[in-house]
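When a ligand or atom number is given, it counts from 1 through the structure's own listing order. Given the structure is predicted, the values throughout are model-derived calculations rather than measurements.
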Amino acid sequence: MGANLIDGKAIAAQIKDEVRQEVSALKVQGSSVTLAVILVGDDPASAVYVRNKKKACEAVGIESVSIELPADTTQEELLERIASLNAREDVDGILVQLPLPRQIDERAVIDAIDPAKDVDGFHPVNVGLLAIGEPAVVSCTPAGVIELLTRSGVEIEGKEAVVIGRSNIVGKPMAHLLLQRHATVTIAHSRTKNLREVIRRADIVVAAVGKPRMIGASDIKEGAVVIDVGINRDMETGKLCGDVDFDSVAPHCSAITPVPGGVGPMTIAMLMRNCCELAKKRNPPAEK
Ligand code: GUN
């Protein structure tokens with residue numbers, strides 16, 4: 001079975017193109033799209049993520065409002081900032097970059113974001129809507145995985161899907177999205193017994209563990225589709241690598257995502273799309 005490489009960079013570029021067209025159509029009717037990004041503290045990785053998000057906004061014509069706060073910001077101050085962004089007519093999406101400094105309760109911060117501006121899809125209202133299958137803002141990375149699968153022609157209905165990892169940001173929403181598309185879904189995690197046997201049952205594997213190359217050729221059913229959400233630093237070579245040992249697994253898959261260049265670029269593309277969708281909901285096109 002030869003692996004069919006899923007090109008996340010190309011699919012992300014396609015989605016950003018679609019968003020760019022929608023944003024300019026909104027401009028024609030007099031509406032702009034604006035994303036507010038809040039960064040607290042000076043975590044270098046978070047600073048890079050935020051910079052990339054702002055660059056992507058620029059590339060698709062979304063305005064960005066950037067709020068950078070010191071590491072000793074209190075929870076109260078942050079909640080006040082969020083309240084004022086909730087109230088701003090010109091702001092369509094609000095993103096608080098995670099993780100937050102220790103003195104701030106992440107849950108309280110997420111809960112404070114207006115669900116109609118919750119561009120990450122982390123608010124309990126959006127999580128609940130997703131769980132009951134109603135239209136919701138969906139967390140960007142799992143939403144991006146679904147786009148990779150559908151745009152690569154992978155059928156999901158009736159398939160055995162195994163999601164490895166149960167985080168609120170990736171694993172859990174991923175499982176809901178696959179279930180919505182009629183897969184038979186298993187969520188596996190660090191306490192799963194016979195993990196490798198469970199993975200070997202899968203027609204579709206989504207790995208979101210954060211352990212470099214933990215999934216090898218012997219774990220994968222011949223012909224499976226493998227989506228690698230992991231972004232890890234290989235301690236020996238210093239290069240990025242996924243949760244999947246790409247070189248040994250690829251020959252056994254019908255399709256696989258590389259790291260980098262697979263799921264990674266999709267997260268920001270979906271963020272742009274979520275922001276544009278929120279703006280459209282807040283400013284519905286005038287009836288003709
Ligand atoms: N930190 C790591 N991933 C994410 C994400 O998707 N959104 C936000 N806001 N912070 C993150």
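Between Asp92 and Lys117 no salt bridge is recorded (no basic side-chain N to carboxylate O distance below 4.0 Å). Comment: Lys9 does not engage Asp7 in a salt bridge, judged by the lack of any side-chain N to carboxylate O separation of less than 4.0 angstrom. Glu236 has no carboxylate O lying under 4.0 Å from a charged side-chain N of Arg213, or vice versa, which leaves the two without a salt bridge.
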Identify all N/O pairs between ligand 1 and the protein with a separation under 3.5 Å and present them as a table of atom names and distances.
unit_1   : atom_1 : unit_2 : atom_2 : d
ligand 1 : 1 (N)  : Gln97  : NE2    : 3.3
ligand 1 : 1 (N)  : Leu98  : O      : 3.0
ligand 1 : 7 (N)  : Asp120 : OD1    : 3.2
ligand 1 : 7 (N)  : Asp120 : OD2    : 3.3
ligand 1 : 9 (N)  : Val96  : O      : 2.8
ligand 1 : 9 (N)  : Asp120 : OD2    : 2.7
ligand 1 : 10 (N) : Leu98  : N      : 3.0

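For the salt bridge (charged side-chain N to carboxylate O under 4.0 Å, His left out) with Glu277, the lone residue among Lys280, Lys281, Arg273 that qualifies is Lys280.
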From CA spacing to verdict: side-chain hydrogen bond (donor to acceptor under 3.5 Å, both in side chains), Ser167, Lys172: CA-CA 6 Å; Ser167 69; Lys172 286 180 203 161; over 6 Å; no
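Note on residues 258-270: pairs passing side-chain hydrogen bond (donor to acceptor under 3.5 Å, both in side chains), not counting sequence neighbours, are Thr141-Thr267.
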